[in-house]
Amino acid sequence: HTVDTFLGMAEFKATNTKVLDMFNSQTAIHLEKTSFFTVSTHGVNAYTFLEYINLRLVAVYDEDTDPTETVSENGDRTSRTDSSLAAHYIQVTFTLGPQYQPIETGLIPLDSVRVGQGAFFSAAHTDKTMVTPGLFHACQLYDTASLPAQTTLDARVNQTCGPSASMCVSPASIPDQFVVFNIPLGIDWLPAASPTLSAQVFVDLVVSAIDTVASGTPNSGDDPQQMKTTLSASIP
């Protein structure tokens, strides 16, 4: 199900004349519900400019090359998946129209990327221990080599049989208008599966682009061509 709507607010103040003092504003909101995730985008622009948004959780296990580990493993020359703790990350994909280009500092500000888990966004925690409340800045930590178990995560992702996915790379150009952005989570980060969908992963990030054909001032005095929107998603 997909819903595109606007959230608006209007304020009226009486004056000592026949004219009312009025103020109004509105925000474009895009909501999408699938069997796998819920995602919304919103911003100060008159519309959201992201299309075909998708998110997926990825788990990468250490390759198991030992054929003698258990009797249930078949074949003695086959690489198998190790049962040790997995490296987890989120892959975010979306498309932009041909008139949009990344700003000079990149399409996605790394300090805007936040991730958490829990039953509700307002009560999210940084990991499944549920000790530290709030969302954590995954890409800021990764950019400063401060993400817990970052070395292990990189080794798992870039092993021979791994996806070799680059983490937290904000596109400087998008020639095909298709954006792929990977957010590192850590080792064994995902919460346990919940039959009631009470355990969810939350993602929040900003997309900032230049509209090369814009002619107005959509951002309250900012660069007339700069378009911003916030992508928020929950994955059960």
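Since we're looking at a predicted model, the values are computed, not measured.
Between the OG atom of S234 and the CG atom of D204 there is a distance of 11.5 Å, given to the nearest 0.5 Å. Note: Q117 CD to K128 NZ = 8.0 Å, rounded to the nearest 0.5 Å. Between Q140 atom CD and L110 atom CG the span is 8.0 Å, to the nearest 0.5 Å. Atom OH of residue Y61 and atom SG of residue C161 lie 13.0 Å apart, to the nearest 0.5 angstrom. With rounding to the nearest 0.5 Å, the separation of CD1 in I210 from CE in M227 is 10.0 Å. Annotation: the span from L153 atom CG to L147 atom CG amounts to 6.5 Å, rounded to 0.5 Å.
Side chains of Y142 and N182: a donor-acceptor N/O pair is absent below 3.5 angstrom, by distance only.
Shown here for P171 and V179, the closest heavy-atom pair between the two residues is CG-CG1, 3.9 Å. When all heavy atoms are compared, the tightest approach of L141 to Q150 is O-OE1, 3.8 Å. Between G118 and F202, the shortest heavy-atom contact is O-CE1, 3.5 Å. D62 approaches Q159 most closely through the heavy-atom pair OD1-OE1, 3.3 Å. Across all non-hydrogen atoms, the minimal contact from L185 to F136 is O-CZ, 4.1 Å. The nearest pair of heavy atoms linking Q177 to Y100 is NE2-O, 3.7 Å.
In this structure, Q101 and T212 have side chains that are in contact, with non-hydrogen atoms separated by less than 4.5 Å. At a threshold of 4.5 Å between non-hydrogen side-chain atoms, the residues P148 and I187 do not count as touching. At a threshold of 4.5 Å between non-hydrogen side-chain atoms, the residues I235 and L57 count as touching. Side chains of Y52 and T93 form no contact here, defined as non-hydrogen atoms less than 4.5 Å apart. The shortest side-chain heavy-atom distance between P102 and S170 does not fall under the 4.5 Å cut-off. Taking 4.5 Å as the limit, some side-chain heavy atom of V113 sits within range of a side-chain heavy atom of F181. The side-chain heavy atoms of V203 and I183, taken from C-beta on, include a pair separated by under 4.5 Å.
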Could you please spell out the steps behind the side chain to side chain contact (heavy atoms under 4.5 Å, CB included) verdict for L50 and L231?
CA-CA 9 Å; L50 307 184; L231 188 155; 3.8 Å; yes
